[in-house]
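Chain identifiers are assigned alphabetically (A, B, ...) following the order of the sequence lines, protein sequences preceding nucleic acid strands; residue numbering begins at 1 within each chain.
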Amino acid sequence: MSEEKSLNFLEEIIDADLKSGKYSQIVTRFPPEPNGYLHIGHATSIVLNFGLTKKFGGYTNLRFDDTNPVTEETEYVESIKADVRWLGFEWKNELYASDYFDTLYEYAIKLIKLGLAYVDDSSSEEIAAMKGTPTEPGTNSPNRDRSIEENLDLFQRMRAGEFPDGSRTLRAKIDMAHVNMLMRDPILYRIKHAPHHRTADKWCIYPMYDFAHGQSDSIENVTHSICTLEFVPHRELYNWLIEKLEIYPSRQYEFARRNLTYTVMSKRKLLQLVNEKHVSGWDDPRMPTISGMRRRGYTAAAIREFCDRVGIAKRDNIVDVGLLEFCVREDLNKIAQRRMVVFDPVKVVITNYELDEEMIHSENNPEDPNGGEREIPFSGEIYIEREDFMENPPKKYFRLAPGQMVRLKSAYIIKCEEVIKDEAGNITEIRCTYLPNSKSGNDTSGVHVKGTLHWVSVKHAITAELRIYDRLFRVEDPSSEEGDFKDYINPNSLQVIHGAFAEPSLKTAKFDESYQFIRKGYFVLDKDSGTSGIIFNKTVGLKDGWKPGS
RNA sequence: UGACCCAUGGUGUAAUGGUAACACUACUGAUUUUGGUUCAGUCAUUUAAGGUUCGAAUCCUUAUGGGUCAACCA
């Protein structure tokens, strides 16, 4: 914390602006369109915008960019607010571009009166045809030189609802030969007879992004309007409108959007995954959405840490999802209580164990001295992991094998004496003896074993469903592959284990609390848990340092 | 056959004309009642060619490579 970290390019700009006295405080905004759920890319923007004002002084608004009523819904507004809060940020003002529709309309009138905007009767196709291409200039619309009076009249009638959708637009009068396509008389307003989620039927004309975003920034006195690289060409128009309208000069700055390996990040693609049922919903734990990651068990602290570690810059990037997983493990290792769960059980009978049962004690978290202990019932019949036993083990196999000894976590050392199989040769039972004087915390046996296994007492075990997730796509960058990105979906991204055996304390597992299933990974209770049973989502596995055969 | 943005280990980000570094990954080893954690270490980097300079990742030129722009989406 006290360590001097170098500033990223935005921090340098802000630092200079503050030092020069250009601003006494900075104002940023997080401007989502309420037409989808937030994802890890948005988290980058949230952490950036809120982080900047926290660091340099000032505040951040949450502003919904709700200028397109046909795609936007209140459901999304609510999920976005919940996600931002969950990430740990609180906005100064909750605002909507639709709050400014009256002002924006006045701005349009002003532009018309300045002779800088006109009503165009051309169709969408005609406008596209007259637009030119990046290498060829466009041509002027036949309506480009209408009188100010006629434009005023027509625009007012557009607002009054006299014209059908698509019949007319309001366009800025700039330059149809401009090298920047966005400056070739961009559309400012279009007719949409559609109810808006907030203004209902008040309007039938709606401003376009370019005539709403910068103006909203300006109205809110946003000092640094931060967006992603694809808006670089918009900056010229952003500044042109501010200049002509003579309004508060917010400034736009762009950074490279965040990409992650083995997933897709565009809202369009994510929506497709949801609609076509490749995932169970926006909050499917395999989704890179905030809600998906939350359900998966990722913590807000881990996501914030990830964003900080990655940093920001202006070059295209694709961050290794392994870094995100590292941040998750790093956080969870400190806070997750340890529990024992056997995924694929095989029965072990301890032939010389004479008690009916006993309670043993185990620490909840070796990383947390104040984490306390819990009791776990132990008995002469336990389950261990089928993969923790091998009849013919390779060298350096520290687990159970004929004649070999292992420690049962927090309990005793056992030795494998006999293997029982069915007719088909499957192992049905492993017979062991235990060292009575090897009890954890009281070990006087003098025996040292290399391996420690997790286990669950047969008669005390409870069953649980486990949902194990793998990456959603088989390739690092599905969007850059040939063909449809959906061709690269990993068919095995969800594996369900139905009959796992868990220690009884997990019966009272709490939502939003992470557990480390010892030697297996981090898990969190899923919302589908209920009367039919408890269900856990695998958040992320433990780092696995064991390579068989070495 | 245009304009604009970008180019540093496998990945991400620093170095702001003065010894190319940090993190993740990978690999070694030590510790360990989780083959986890922790600790120690190793491998690995300036797209290319010119130029300016005592000195260039940094400034200039050109080339190459990647990205963006022709929605009544944002």
Taking the basic N atoms (NZ, or NE/NH1/NH2) and the acidic carboxylate oxygens, is any pair closer than 4.0 Å for A/R144 and A/D185? yes
Under 3.5 Å, is there any donor-acceptor pair linking the side chain of A/Q516 to the base of B/rU34? yes
Whether the side chain of A/T135 and the base of B/rU1 hold a donor-acceptor pair under 3.5 Å is what I'd like checked. no
Verify the ring-centre separation between A/H213 and A/F231: is it less than 6.0 angstrom? no
Does any donor-acceptor pair link the side chain of A/R407 with the base of B/rU33 at a separation under 3.5 Å? yes
Do the non-hydrogen side-chain atoms of A/Y189 and A/T169 ever get within less than 4.5 Å of each other? no
If the sugar-phosphate is the primed atoms plus P, OP1 and OP2 and the base is the rest, what is the B/S/- string for nucleotides 17-25 of chain B, using protein heavy atoms under 4.0 Å? ------SSS
Is a side-chain donor or acceptor of A/Q404 paired with a backbone partner of A/R399 at a separation under 3.5 angstrom? yes
So does A/E476 reach the base of B/rG10 with its side chain, donor to acceptor, closer than 3.5 Å? no
Which residue lies more 5' along RNA chain B, comparing A/N333 with A/A313 via nearest heavy atoms: A/A313
With the threshold set at under 4.0 Å for non-hydrogen atoms, list the residues of residues 179-189 of chain A touching RNA chain B in residue-number order. A/V179, A/M181, A/I187
The single option from A/F536, A/F501, A/F523 passing ring-ring contact (aromatic ring centres under 6.0 Å, His included) against A/F343: A/F523
From the list A/C432, A/S440, A/S438, A/P436, side-chain contact (heavy atoms from CB on, under 4.5 Å) with A/I413 holds only for A/S438
Assess the pair A/Y76 and A/F64: is the distance between their ring centroids shorter than 6.0 Å? no
Using a 4.0 Å heavy-atom cut-off, does A/F255 contact any base of the nucleic acid, only the sugar-phosphate backbone, or nothing at all? nothing
What's A/G545 touching, base or sugar-phosphate or nothing? Going by heavy atoms closer than 4.0 Å. sugar-phosphate
Does A/T261 reach a base, just sugar-phosphate, or nothing at all? Heavy atoms under 4.0 Å. nothing
Is the shortest side-chain N to carboxylate O distance from A/E305 to A/R309 below 4.0 Å? yes
So, for A/F326 and A/F306, is the gap between ring centers shorter than 6.0 Å? no
N/O donor-acceptor pair, side chain A/H178 with base B/rA3, under 3.5 angstrom: no
Check every strand shown and say whether A/D210 touches a base, only sugar-phosphate, or nothing at a heavy-atom separation below 4.0 Å. nothing
